[in-house]
Amino acid sequence: MATPHPKHTYTLYTFFGSSCSARVRIACHLKSIPLTYQFIDLLTSGQNAPAYAALNPSQFVPLLVVHDATTGAEVAKISQSVAILEFLEETATGVFNDVRLLPPSTESVARAKVRELLGVIVADTQPVTNQRVVKWIVPRGVDELEWQGHFMRKGLEAYEKLARGCAGKWSVGDEISLADVALVAAVDRALRYKVDVQREFPTVARIDEAMRETEAYKRGGFRSQPDTPEGMRGEVRL
(Lines give C-alpha, C1' and ligand atoms only; values in the text may rest on other atoms or scores of the structure.)
Protein backbone atom coordinates (compact mmCIF):
# COMPACT_ATOMS: atom_id res chain seq x y z
CA MET A 1 0.00 0.00 0.00
CA ALA A 2 1.25 3.46 -0.87
CA THR A 3 2.22 5.80 1.95
CA PRO A 4 -0.48 8.48 2.10
CA HIS A 5 0.57 11.95 0.97
CA PRO A 6 -2.87 13.47 0.48
CA LYS A 7 -3.17 16.80 -1.28
CA HIS A 8 -6.89 17.04 -0.58
CA THR A 9 -9.50 16.58 2.09
CA TYR A 10 -13.06 15.65 1.21
CA THR A 11 -16.48 16.59 2.53
CA LEU A 12 -19.39 14.55 1.20
CA TYR A 13 -22.95 15.83 1.40
CA THR A 14 -24.95 12.63 1.61
CA PHE A 15 -28.19 10.94 2.62
CA PHE A 16 -28.32 7.38 3.90
CA GLY A 17 -31.00 6.23 1.43
CA SER A 18 -29.50 7.83 -1.67
CA SER A 19 -28.08 5.18 -3.99
CA CYS A 20 -26.08 7.92 -5.74
CA SER A 21 -24.44 8.80 -2.42
CA ALA A 22 -23.88 5.13 -1.63
CA ARG A 23 -21.84 4.71 -4.83
CA VAL A 24 -19.45 7.38 -3.66
CA ARG A 25 -19.30 6.17 -0.05
CA ILE A 26 -18.57 2.56 -1.07
CA ALA A 27 -15.96 3.61 -3.63
CA CYS A 28 -14.22 5.81 -1.06
CA HIS A 29 -14.09 2.94 1.42
CA LEU A 30 -12.62 0.69 -1.28
CA LYS A 31 -9.97 3.31 -1.98
CA SER A 32 -9.45 4.17 1.73
CA ILE A 33 -10.33 7.81 1.11
CA PRO A 34 -11.37 9.52 4.35
CA LEU A 35 -14.59 11.53 4.19
CA THR A 36 -16.17 14.12 6.41
CA TYR A 37 -19.95 13.84 6.14
CA GLN A 38 -22.62 16.51 5.98
CA PHE A 39 -26.10 14.99 6.07
CA ILE A 40 -28.92 16.25 3.86
CA ASP A 41 -32.29 14.81 4.85
CA LEU A 42 -34.17 14.14 1.62
CA LEU A 43 -37.22 12.98 3.57
CA THR A 44 -37.74 16.51 4.88
CA SER A 45 -36.64 18.16 1.59
CA GLY A 46 -33.34 19.29 3.06
CA GLN A 47 -31.93 19.41 -0.46
CA ASN A 48 -34.22 22.37 -1.17
CA ALA A 49 -32.95 24.49 1.72
CA PRO A 50 -31.48 27.78 0.42
CA ALA A 51 -28.07 27.14 1.97
CA TYR A 52 -27.72 23.78 0.24
CA ALA A 53 -29.22 25.00 -3.03
CA ALA A 54 -26.56 27.71 -3.07
CA LEU A 55 -23.87 25.02 -2.78
CA ASN A 56 -25.48 22.66 -5.28
CA PRO A 57 -27.90 24.18 -7.81
CA SER A 58 -29.03 20.69 -8.84
CA GLN A 59 -30.38 20.21 -5.30
CA PHE A 60 -29.38 16.54 -5.27
CA VAL A 61 -26.95 14.47 -3.29
CA PRO A 62 -24.13 13.61 -3.37
CA LEU A 63 -22.00 16.71 -3.45
CA LEU A 64 -18.25 16.41 -2.89
CA VAL A 65 -16.39 19.48 -1.68
CA VAL A 66 -12.63 19.18 -2.10
CA HIS A 67 -10.20 21.26 -0.08
CA ASP A 68 -6.46 21.71 -0.18
CA ALA A 69 -5.08 19.62 2.69
CA THR A 70 -2.45 22.22 3.57
CA THR A 71 -4.21 25.55 3.19
CA GLY A 72 -7.85 24.52 3.56
CA ALA A 73 -8.74 26.44 0.40
CA GLU A 74 -11.60 25.05 -1.64
CA VAL A 75 -10.38 23.21 -4.72
CA ALA A 76 -13.66 22.03 -6.23
CA LYS A 77 -17.33 21.29 -5.71
CA ILE A 78 -18.52 18.26 -7.72
CA SER A 79 -22.19 17.36 -7.73
CA GLN A 80 -22.72 14.30 -9.96
CA SER A 81 -21.80 10.85 -8.64
CA VAL A 82 -20.04 9.67 -11.81
CA ALA A 83 -18.04 12.90 -12.03
CA ILE A 84 -17.07 12.44 -8.37
CA LEU A 85 -16.08 8.81 -8.91
CA GLU A 86 -13.95 9.56 -11.95
CA PHE A 87 -12.34 12.58 -10.24
CA LEU A 88 -11.32 10.39 -7.30
CA GLU A 89 -10.13 7.66 -9.66
CA GLU A 90 -7.90 10.17 -11.45
CA THR A 91 -6.59 12.06 -8.43
CA ALA A 92 -6.66 9.74 -5.41
CA THR A 93 -5.61 6.33 -6.78
CA GLY A 94 -2.21 5.51 -5.29
CA VAL A 95 -2.53 8.16 -2.60
CA PHE A 96 -4.45 6.24 0.08
CA ASN A 97 -4.14 2.77 -1.47
CA ASP A 98 -3.64 1.28 -4.93
CA VAL A 99 -7.21 0.13 -5.60
CA ARG A 100 -8.37 1.06 -9.09
CA LEU A 101 -12.05 1.01 -9.99
CA LEU A 102 -11.50 1.49 -13.72
CA PRO A 103 -9.31 -0.89 -15.73
CA PRO A 104 -5.99 0.54 -16.95
CA SER A 105 -6.05 2.85 -19.96
CA THR A 106 -4.48 0.07 -22.04
CA GLU A 107 -7.62 -2.06 -21.54
CA SER A 108 -9.98 0.08 -23.58
CA VAL A 109 -12.67 -2.57 -24.08
CA ALA A 110 -12.84 -3.41 -20.38
CA ARG A 111 -13.02 0.31 -19.51
CA ALA A 112 -15.87 0.73 -21.97
CA LYS A 113 -17.73 -2.26 -20.50
CA VAL A 114 -17.41 -0.82 -16.98
CA ARG A 115 -18.80 2.49 -18.20
CA GLU A 116 -21.55 0.74 -20.16
CA LEU A 117 -22.77 -1.16 -17.09
CA LEU A 118 -22.38 1.92 -14.92
CA GLY A 119 -24.53 3.81 -17.41
CA VAL A 120 -27.29 1.21 -17.23
CA ILE A 121 -27.62 2.03 -13.53
CA VAL A 122 -26.90 5.75 -13.39
CA ALA A 123 -28.51 6.86 -16.66
CA ASP A 124 -31.21 4.30 -17.50
CA THR A 125 -32.45 3.09 -14.11
CA GLN A 126 -31.84 5.47 -11.23
CA PRO A 127 -33.18 8.73 -12.74
CA VAL A 128 -36.69 7.39 -13.40
CA THR A 129 -36.87 5.83 -9.92
CA ASN A 130 -35.62 8.95 -8.17
CA GLN A 131 -37.87 10.34 -5.43
CA ARG A 132 -38.14 13.65 -7.30
CA VAL A 133 -39.86 11.75 -10.12
CA VAL A 134 -41.94 9.55 -7.82
CA LYS A 135 -43.22 12.51 -5.81
CA TRP A 136 -44.44 14.05 -9.07
CA ILE A 137 -46.19 11.01 -10.51
CA VAL A 138 -47.80 9.39 -7.46
CA PRO A 139 -50.29 12.24 -6.88
CA ARG A 140 -51.28 11.77 -10.51
CA GLY A 141 -52.52 8.24 -9.91
CA VAL A 142 -49.42 6.10 -10.51
CA ASP A 143 -48.76 3.26 -8.05
CA GLU A 144 -45.27 3.78 -6.59
CA LEU A 145 -44.50 0.09 -6.05
CA GLU A 146 -45.54 -0.80 -9.60
CA TRP A 147 -43.56 2.10 -11.11
CA GLN A 148 -40.39 1.40 -9.12
CA GLY A 149 -40.55 -2.35 -9.70
CA HIS A 150 -41.08 -1.94 -13.45
CA PHE A 151 -38.12 0.36 -14.07
CA MET A 152 -35.79 -1.38 -11.63
CA ARG A 153 -36.50 -4.70 -13.33
CA LYS A 154 -35.90 -3.18 -16.77
CA GLY A 155 -32.54 -1.84 -15.65
CA LEU A 156 -31.41 -5.00 -13.90
CA GLU A 157 -32.54 -7.10 -16.84
CA ALA A 158 -30.28 -5.11 -19.16
CA TYR A 159 -27.41 -5.32 -16.67
CA GLU A 160 -27.90 -9.08 -16.33
CA LYS A 161 -27.75 -9.69 -20.08
CA LEU A 162 -24.75 -7.41 -20.62
CA ALA A 163 -22.81 -8.75 -17.63
CA ARG A 164 -23.18 -12.35 -18.76
CA GLY A 165 -20.80 -11.55 -21.60
CA CYS A 166 -18.05 -9.95 -19.55
CA ALA A 167 -18.39 -11.01 -15.91
CA GLY A 168 -15.82 -13.01 -14.00
CA LYS A 169 -15.82 -12.75 -10.24
CA TRP A 170 -17.06 -9.18 -10.74
CA SER A 171 -19.13 -7.46 -13.39
CA VAL A 172 -16.18 -7.00 -15.76
CA GLY A 173 -13.64 -9.75 -15.33
CA ASP A 174 -12.04 -10.49 -11.98
CA GLU A 175 -11.35 -6.97 -10.73
CA ILE A 176 -13.85 -4.92 -8.78
CA SER A 177 -14.96 -1.76 -10.58
CA LEU A 178 -17.27 1.23 -10.54
CA ALA A 179 -19.93 -0.96 -12.12
CA ASP A 180 -20.02 -3.21 -9.06
CA VAL A 181 -20.19 -0.21 -6.74
CA ALA A 182 -23.21 1.16 -8.61
CA LEU A 183 -24.87 -2.24 -8.86
CA VAL A 184 -24.96 -3.06 -5.16
CA ALA A 185 -26.48 0.33 -4.34
CA ALA A 186 -29.12 -0.21 -7.03
CA VAL A 187 -29.94 -3.70 -5.76
CA ASP A 188 -30.48 -2.30 -2.28
CA ARG A 189 -33.25 -0.12 -3.68
CA ALA A 190 -34.67 -2.93 -5.80
CA LEU A 191 -34.94 -5.17 -2.74
CA ARG A 192 -36.81 -2.45 -0.89
CA TYR A 193 -39.35 -2.44 -3.73
CA LYS A 194 -39.84 -6.22 -3.65
CA VAL A 195 -37.83 -7.14 -6.77
CA ASP A 196 -36.83 -10.83 -6.48
CA VAL A 197 -33.25 -10.29 -7.59
CA GLN A 198 -32.03 -13.80 -6.79
CA ARG A 199 -34.73 -15.49 -8.87
CA GLU A 200 -34.90 -13.04 -11.75
CA PHE A 201 -31.26 -11.99 -12.20
CA PRO A 202 -28.78 -14.70 -11.14
CA THR A 203 -25.63 -13.01 -12.48
CA VAL A 204 -26.57 -9.75 -10.79
CA ALA A 205 -27.38 -11.64 -7.58
CA ARG A 206 -24.01 -13.41 -7.55
CA ILE A 207 -22.05 -10.18 -8.03
CA ASP A 208 -24.21 -8.37 -5.51
CA GLU A 209 -23.62 -11.04 -2.86
CA ALA A 210 -19.87 -10.74 -3.39
CA MET A 211 -20.09 -6.96 -2.98
CA ARG A 212 -22.02 -7.35 0.27
CA GLU A 213 -19.11 -9.31 1.73
CA THR A 214 -16.70 -6.41 1.23
CA GLU A 215 -15.84 -4.18 4.15
CA ALA A 216 -16.45 -1.20 1.87
CA TYR A 217 -20.10 -2.13 1.41
CA LYS A 218 -20.60 -2.93 5.08
CA ARG A 219 -19.31 0.54 5.94
CA GLY A 220 -20.76 2.44 2.98
CA GLY A 221 -24.16 0.83 2.42
CA PHE A 222 -27.41 2.51 3.40
CA ARG A 223 -27.94 0.45 6.55
CA SER A 224 -24.75 1.53 8.31
CA GLN A 225 -24.68 5.33 8.01
CA PRO A 226 -24.74 7.77 10.94
CA ASP A 227 -28.06 9.14 9.62
CA THR A 228 -29.67 5.73 9.04
CA PRO A 229 -32.81 5.38 11.19
CA GLU A 230 -32.45 2.74 13.87
CA GLY A 231 -35.16 0.53 12.40
CA MET A 232 -33.31 0.24 9.06
CA ARG A 233 -29.95 -0.85 10.43
CA GLY A 234 -28.54 -4.36 10.19
CA GLU A 235 -27.88 -6.77 7.35
CA VAL A 236 -30.09 -7.42 4.36
CA ARG A 237 -30.04 -10.62 2.30
CA LEU A 238 -31.47 -11.49 -1.09
Side-chain angles (χ1 to χ4, degrees), residues 4-93 95-96 101-102 115 118-119 121-138 178 181-182 184-186 188-189 192 216-217 219-230 232-233:
H5 296 289
K7 295 180 180 180
H8 300 144
T9 61
Y10 308 94
T11 298
L12 184 69
Y13 289 76
T14 180
F15 174 66
F16 79 95
S18 161
S19 61
C20 302
S21 299
R23 297 169 200 151
V24 176
R25 296 191 306 255
I26 295 166
C28 285
H29 284 302
L30 284 167
K31 297 173 79 66
S32 299
I33 298 172
L35 297 172
T36 298
Y37 290 137
Q38 293 288 336
F39 301 108
I40 302 298
D41 188 350
L42 303 190
L43 297 178
T44 59
S45 299
Q47 74 276 19
N48 299 326
Y52 185 67
L55 282 175
N56 182 6
S58 296
Q59 295 174 255
F60 286 126
V61 289
L63 171 71
L64 185 73
V65 182
V66 185
H67 289 93
D68 185 284
T70 301
T71 67
E74 184 180 298
V75 173
K77 289 195 290 281
I78 309 171
S79 65
Q80 294 290 330
S81 64
V82 175
I84 292 169
L85 292 168
E86 294 215 358
F87 171 81
L88 295 174
E89 189 70 12
E90 293 167 359
T91 63
T93 300
V95 177
F96 300 97
L101 297 176
L102 274 173
R115 288 185 166 114
L118 181 62
I121 300 299
V122 307
D124 296 346
T125 309
Q126 191 276 330
V128 290
T129 61
N130 187 282
Q131 283 299 306
R132 179 180 289 190
V133 173
V134 172
K135 287 179 180 179
W136 177 260
I137 62 169
V138 167
L178 295 178
V181 168
V184 71
D188 268 338
R189 284 189 57 78
R192 290 170 64 188
Y217 172 78
R219 296 176 65 188
F222 83 94
R223 291 178 176 269
S224 58
Q225 300 314 296
D227 61 330
T228 303
E230 193 61 37
M232 299 182 73
R233 293 180 175 273

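What you are looking at is a predicted structure, and each value in this text was computed from that prediction instead of being measured.
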Is any side-chain heavy atom of [X] closer than 4.5 Å to a side-chain heavy atom of [Y]?
{"X": "Arg115", "Y": "Leu178", "value": "no"}
{"X": "Val24", "Y": "Ser21", "value": "no"}
{"X": "Val66", "Y": "Phe87", "value": "yes"}
{"X": "Phe222", "Y": "Arg192", "value": "yes"}
{"X": "Val181", "Y": "Leu30", "value": "yes"}
{"X": "Pro127", "Y": "Val133", "value": "no"}

Rounded distance [0.5 Å steps], CD in Glu74 versus OG1 in Thr11: 9.5 Å

Distance col, row Leu64:CG vs Leu12:CG, nearest 0.5 angstrom, shows 6.0 Å

Using the rule given for side chain to side chain donor-acceptor pair (under 3.5 Å), can you reason through Arg219 versus Ser224, listing the C-alpha separation, both sets of side-chain angles and the distance that settles it, and then say yes or no? CA-CA 6 Å; Arg219 296 176 65 188; Ser224 58; over 6 Å; no

Do side-chain atoms of [X] reach the backbone of [Y] as a donor and acceptor pair under 3.5 angstrom?
{"X": "Thr129", "Y": "Gln126", "result": "yes"}
{"X": "Glu89", "Y": "Leu101", "result": "yes"}
{"X": "Asn56", "Y": "Ser79", "result": "no"}

Examine the side chains of Thr14 and Arg25 and answer whether a donor and an acceptor come within less than 3.5 Å of each other. yes

Say whether Ser81 and Arg23, considering side chains only, have a donor N or O and an acceptor N or O under 3.5 Å apart. yes

Mind checking whether His8 and Tyr10 have parallel, tilted or perpendicular rings, split at 30° and 60°? perpendicular

Tell me the ring-ring contact (aromatic ring centres under 6.0 Å, His included) pairs involving residues 40-85, sequence neighbours left out? Tyr13-Tyr52

